[in-house]
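Following: one structure in structure tokens, then a few remarks.
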Amino acid sequence: MPGILYLIPNTLGNTDLPADDQLTHIIPEQVQKMTAQLDYFIAENAKTTRAFLKLIASRHPLIKPLQEINIAELNVNTNIATLPDFLIPLLNNQNAGLISEAGVPAVADPGANLVQLAHQRGIKVQPLVGPSSLLLAIMASGLNGQSFAFNGYLPNDATQRGKRIKELEQRSKHDKQTQIFIETPYRNQVLLEALIAHCQPSTLICVATNLSLATESIQTYPAATWQNKLSTGKAPDFHKKPTVFLFLAAH
């Protein structure tokens with residue numbers, strides 16, 4: 001019988017709290033215990049995963065010394081043809097943990113393809129509870145939480161990015177649907193400026209930064225207000241910080 005593929009949530013960043021508090025604040029106790037019992041992980045980033053396992057070990061002894069735990073990297077550079085190799089241990093009755101660099105795996109994360117393949121191979125997939133920056137952002141935005149769409153990254157080309165923003169704003173207005181985006185942290189300012197430039201002044205824009213961390217910041221204003229904030233030097237402190245962007249067009 002195949003092993004189980006556990007989808008393990010990670011923290012959303014360094015909370016600046018003691019190791020013990022970082023986990024109790026974010027990751028449920030049962031998830032911590034399950035993680036400590038696994039010796040095979042499929043991770044977006046091995047270094048980040050080792051740091052997370054060190055936090056786990058501060059509360060729950062790992063089943064093996066950290067240096068003996070197998071961590072296979074699965075990221076955007078992984079050849080999709082090699083995905084079956086990641087599942088060989090599971091087909092040999094070994095449990096495994098799929099873990100993202102931050103937050104929950106398989107959401108805005110390359111692990112989704114592996115999860116699909118696991119289903120095809122008859123491997124049980126079990127998601128575990130933990131922080132999702134996207135859900136935290138929609139919860140705290142004040143925008144429509146009944147209907148929303150995650151759009152990942154917008155085009156890098158300025159013209160194409162502006163066109164896409166206008167398309168999504170029309171969809172937001174027609175369907176009363178919140179639109180959600182992420183960006184490479186050093187390009188946060190560029191994305192906010194693009195949203196302000198191409199959205200209607202009344203469109204509500206939320207900027208949610210460092211969610212679940214001590215430096216968390218969540219602000220929702222009309223595009224016109226954001227324009228004023230930027231022009232007066234009152235932009236949010238979000239340079240190189242993980243940020244979720246959301247907007248909802250006025251009706």
Side-chain angles (χ1 to χ4, degrees), residues 1-133 185 210-214 242:
M1 184 176 180
I4 299 172
L5 179 61
Y6 291 97
L7 309 187
I8 298 174
N10 199 343
T11 63
L12 294 175
N14 183 1
T15 65
D16 295 323
L17 294 171
D20 185 70
D21 291 340
Q22 286 188 49
L23 288 176
T24 56
H25 178 61
I26 299 295
I27 306 295
E29 187 75 12
Q30 288 303 114
V31 175
Q32 296 179 41
K33 291 179 179 179
M34 175 58 68
T35 303
Q37 293 304 306
L38 299 174
D39 60 2
Y40 173 46
F41 292 89
I42 303 159
E44 185 176 4
N45 184 296
K47 182 179 178 180
T48 302
T49 298
R50 289 190 187 95
F52 178 66
L53 291 176
K54 285 182 181 178
L55 285 178
I56 294 290
S58 71
R59 290 182 51 84
H60 303 283
L62 303 180
I63 194 171
K64 289 183 179 179
L66 184 55
Q67 61 270 26
E68 295 180 17
I69 291 177
N70 183 14
I71 302 175
E73 284 198 339
L74 170 61
N75 50 49
V76 293
N77 298 315
T78 302
N79 187 333
I80 195 168
T82 66
L83 287 182
D85 296 340
F86 291 91
L87 298 179
I88 291 174
L90 287 108
L91 294 172
N92 290 325
N93 200 32
Q94 182 178 3
N95 293 334
L98 177 65
I99 186 166
S100 179
E101 189 170 358
V104 295
V107 177
D109 174 81
N113 290 329
L114 187 72
V115 173
Q116 183 183 84
L117 185 60
H119 284 298
Q120 294 173 2
R121 299 296 171 87
I123 295 170
K124 180 179 179 180
V125 175
Q126 185 169 333
L128 302 179
V129 174
S132 165
S133 61
N210 277 354
L211 290 159
S212 82
L213 307 186

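Throughout, numbering of the chain's residues begins at 1 and tracks the sequence. Reckoned from all heavy atoms, side chains included, excluding hydrogens, waters and symmetry mates.
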Give every residue pair that meets the side chain to side chain donor-acceptor pair (under 3.5 Å) criterion with at least one member in residues 72-84, sequence neighbours excluded.
none
Could you tell me the separation between the CD1 atom of Ile71 and the CZ atom of Arg50, rounded to the nearest 0.5 Å?
4.5 Å
Does Ser133 have any side chain to side chain contact (heavy atoms under 4.5 Å, CB included) partners at least two apart in sequence or in another chain, and if so, which?
Leu12, Leu211, Val244
Is there side-chain contact between Pro242 and Asn210, with heavy atoms separated by less than 4.5 Å?
yes
If we only count heavy atoms from C-beta on, is the Thr35 to Phe41 side-chain gap below 4.5 Å?
yes
Closest contact, heavy atoms only, Leu98 versus Pro105:
O-CG, 3.4 Å
Once rounded to the nearest 0.5 Å, what's the spacing between atom CG of Leu83 and atom CG of Leu74?
6.0 Å
Only distances under 3.5 Å count here; give the side-chain donor-acceptor pairs of residues 84-92 to other protein atoms, sequence neighbours excluded, each with its distance to 0.1 Å.
unit_1 : atom_1 : unit_2 : atom_2 : d
Asn92  : ND2    : Ile88  : O      : 3.3

Got a second to check how far Ile8's CD1 is from Gln32's CD, nearest 0.5 Å?
11.5 Å
With rounding to the nearest 0.5 angstrom, report the CG to CD1 distance, Leu7 to Ile99.
11.0 Å
About how many Å separate CG of Asp39 and CD1 of Ile63, when rounded to the nearest 0.5 Å?
5.5 Å
Any side-chain to backbone donor/acceptor pair from Asn95 onto Gly3? Under 3.5 Å, distance only.
no
What's the spacing between Ile56 CD1 and Ile27 CD1 if we round to 0.5 Å?
7.0 Å
Counting only pairs under 3.5 Å, give me each side-chain donor-acceptor contact of residues 109-128, with atom names and distances, residues two or more places apart or in other chains.
unit_1 : atom_1 : unit_2 : atom_2 : d
Asp109 : OD1    : Ser100 : OG     : 3.0
Asp109 : OD2    : Ala106 : N      : 3.0
Asp109 : OD2    : Gly111 : N      : 2.9

Give the minimum heavy-atom separation between Pro9 and Val104, together with the two atoms involved.
CB-CG1, 4.1 Å
Under the side chain to side chain contact (heavy atoms under 4.5 Å, CB included) test, residues paired with Pro185 that sit two or more places apart
Asn188
Who passes side-chain hydrogen bond (donor to acceptor under 3.5 Å, both in side chains) against Thr48, sequence neighbours left out?
Asn45
Using only heavy-atom distances, determine whether the side chains of Gln37 and His60 contain a donor-acceptor pair under 3.5 Å.
no
